[in-house]
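Proteins get letters first, then strands, A, B, ... in listed order; numbering begins at 1 in each. It should be emphasised that the depicted structure is a prediction, and the values quoted were computed from it without experimental measurement.
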Number of protein chains: 2
Amino acid sequence: MDRLLQSVKISINEKIFLKDPQSSDLGKRIIQESILMISEMGFESFTFRKLGMRIGSNESSIYRYFENKHKLLLYLTSWYWGWLEYQLVFSTNSMADPVEKLKKAIEIVTRATEEDSAFSHINEVLLNKIVINEYSKSYLTKEVDADNKDGYFVIYKRLVSRISQMIQAVNPSYRYPSSLASTILEGSLHQHFLKDHFTSLTNCHGNVAPTDYFIDLVFNSLNKDLNG
Amino acid sequence: MDRLLQSVKISINEKIFLKDPQSSDLGKRIIQESILMISEMGFESFTFRKLGMRIGSNESSIYRYFENKHKLLLYLTSWYWGWLEYQLVFSTNSMADPVEKLKKAIEIVTRATEEDSAFSHINEVLLNKIVINEYSKSYLTKEVDADNKDGYFVIYKRLVSRISQMIQAVNPSYRYPSSLASTILEGSLHQHFLKDHFTSLTNCHGNVAPTDYFIDLVFNSLNKDLNG
DNA sequence: CAAATATAATAGTATTACTATCATATATTA
DNA sequence: TAATATATGATAGTAATACTATTATATTTG
């Protein structure tokens, strides 16, 4: 990614953590290693005790940063969506043509993730894997409404809203801009998952990317022929 | 639903259970009450111990039917998809026009669930709520590939495949029939969830149903104008 | 009626998800 | 430089979870 990003910090709702993990060395190790561990063993098997052993620190010290592992997941996924949002805004900001702009936006949010050297303690490729496999668990809980009220999903909602607005800019009379925007984000995670585990349920594979599918889907819905 | 269904039994992969819950009174109570409890308290808080207390039975007896609660969830969701599949096949079987047929199929799989008197111990409305809130947890695990190999998702896959075929019948040159079919099923659950918890992320609400959105989405993708 | 089967009761285990307390190391400031 | 604040570590403890094992008691079936 661009060098300009080097000075950027993804800012996350302070209620998610007890102590900002970006503020200390231990905090950064918690983030760095939790990404590795959750992508390795899955969120269910991951515990603060295991994380402590791995980073040579104590369970109780980790609890001083996050109330529980659910909050840590909210932190990681918020960071991911914030990072995507930054790329989206950065890349589409100067674009004038709404069709090209939306196309670019879809490309950014549906493509396979590449490493970003701007954040050395975060492995974005593995974090993307975590988002694909675990994101829905962060909101499919009995506490969604309370968590939503506490603002734990603001970044994600803002991202959907931005895409929704881009959709409206292309076709103001389209009736489902928010539903289509949420379908792109959530559906993209799902297609990436299917191509890894249920190949018969998707047409995405080596040569066909989820991006191709969603660009086709969106512009057909908006009745815009892309090349003509 | 139709009286014909009265004699129908949804058949589920025998590897999912240790003893068929449809074969005994206790088994049926396990199914009946687990649906009530999981929809009330969520899958995370639900335990066999609590279920035992509620049905006046013993934890250990429930373990003779299901290895663990994950298997029970697989059972419940498989039953749900089998029930939906039955309705799909039953309702579209005699239809000749591929467009009308696909439209009917989308209606069936995306509509809000209504009670079905044919299965007295199963509350389909609450089961649908469980599928919306918990289904993804049944496959977003480290064991997906093994579970898939064991055939725990066959009914769901068959349902996606049926819809995919209907899509191909409408437009044989459409390039993403499987992705679109999986988007309809998974996306429908998601839109129903959003309308209950994240209203700003969807255009579905009282007057606009997910069905309306998906019919528009699908037929635009297939370049078929519905009325003309 | 005997034998098989289903269910219930009880107990026990390792692990999880914490909370609490106290000790020690390091950094800040008076 | 000493006093103090802050961060981290070590240890212990608790209630609940997710089981397994064993034994007892009903109930069904041959």
*According to the interplanar angle, ranging from 0 to 90°, do the rings of Phe198(B) and Phe193(B) count as parallel (below 30°), tilted (30 to 60°) or perpendicular (above 60°)?*
tilted
*Starting at atom CE of Met53(B), determine the distance to atom P of dA16(D), rounded to an integer number of angstrom.*
11 Å
_Interatomic distance, Arg29(B) CZ vs dT7(C) C1' [rounded to whole Å]_ = 10 Å
*Do the side-chain N or O atoms of Tyr65(A) get closer than 4.0 angstrom to the phosphate oxygens (OP1, OP2) of dA7(D)?*
no
*Would you call Asp196(A) and Lys129(A) a salt bridge, taking side-chain N to carboxylate O under 4.0 Å as the test?*
no
*asked:* Would you call the rings of Trp83(B) and Trp79(B) parallel, tilted or perpendicular, taking 30° and 60° as the class edges?
replied: parallel
*CZ of Phe46(A) versus P of dC18(C): gap in Å, rounded?*
12 Å
*Parallel, tilted or perpendicular: ring planes of Phe66(A) versus Tyr75(A), cut at 30 and 60 degrees*: perpendicular
*Return the value, rounded to whole Å, for the distance between atom CZ of Phe43(A) and atom P of dT16(C).*
13 Å
_Check: Tyr80(A) ring centroid to Tyr135(A) ring centroid under 6.0 Å_ = no
*Hey, which of these two, Arg49(A) or Ile55(A), hits DNA chain D nearer its 5' end, going by closest nucleotide?*
Ile55(A)
*Considering only dA18(D), dC18(C), dA8(C), which nucleotide approaches the side chain of Asn58(B) most closely?*
dA8(C)
*Give one of base, sugar-phosphate or nothing for Ser60(B), where a contact means two heavy atoms less than 4.0 Å apart.*
base
*Starting at the 5' end of DNA chain D, which residue's closest nucleotide do you reach first, Thr47(B) or Lys19(A)?*
Lys19(A)
*Would you mind classifying the nucleic acid contact of Glu67(A) as base, sugar-phosphate or nothing, using non-hydrogen atoms under 4.0 angstrom?*
sugar-phosphate
*asked:* If you compare every side-chain N and O of Lys50(A) against the phosphate oxygens of dT15(C) (OP1, OP2), does one of them come in below 4.0 Å?
replied: no
*Let me have a per-nucleotide readout for nucleotides 23-30 of chain D, 5' to 3', with B, S or -, counting only protein heavy atoms under 4.0 Å.*
--------
*asked:* For Glu59(B) and Gly56(B), find the nucleotide of DNA chain C closest to each by heavy atoms; which residue's nucleotide sits nearer the 5' end?
replied: Gly56(B)
_Without decimals, in angstroms, what is the distance between Leu51(A) CG and dT8(D) C1'?_
14 Å
*Separation of Leu18(A) atom CG from dA7(D) atom P, in whole Å?*
12 Å
*Distance, nearest 0.5 Å, that separates CD of Glu186(A) from OG of Ser136(B)*: 7.5 Å
*Using whole Å, report how far CZ of Phe66(A) lies from P of dA7(D).*
15 Å
_Electrostatic pair Asp25(A)-Arg29(A), nearest N-O below 4.0 angstrom_ = yes
*Describe the nucleic acid contact of Tyr63(B) in one word from base, sugar-phosphate, nothing, applying a heavy-atom distance below 4.0 Å.*
base
*Nearest whole angstrom, please: distance from the P of dT7(C) to the CZ of Phe48(B).*
15 Å
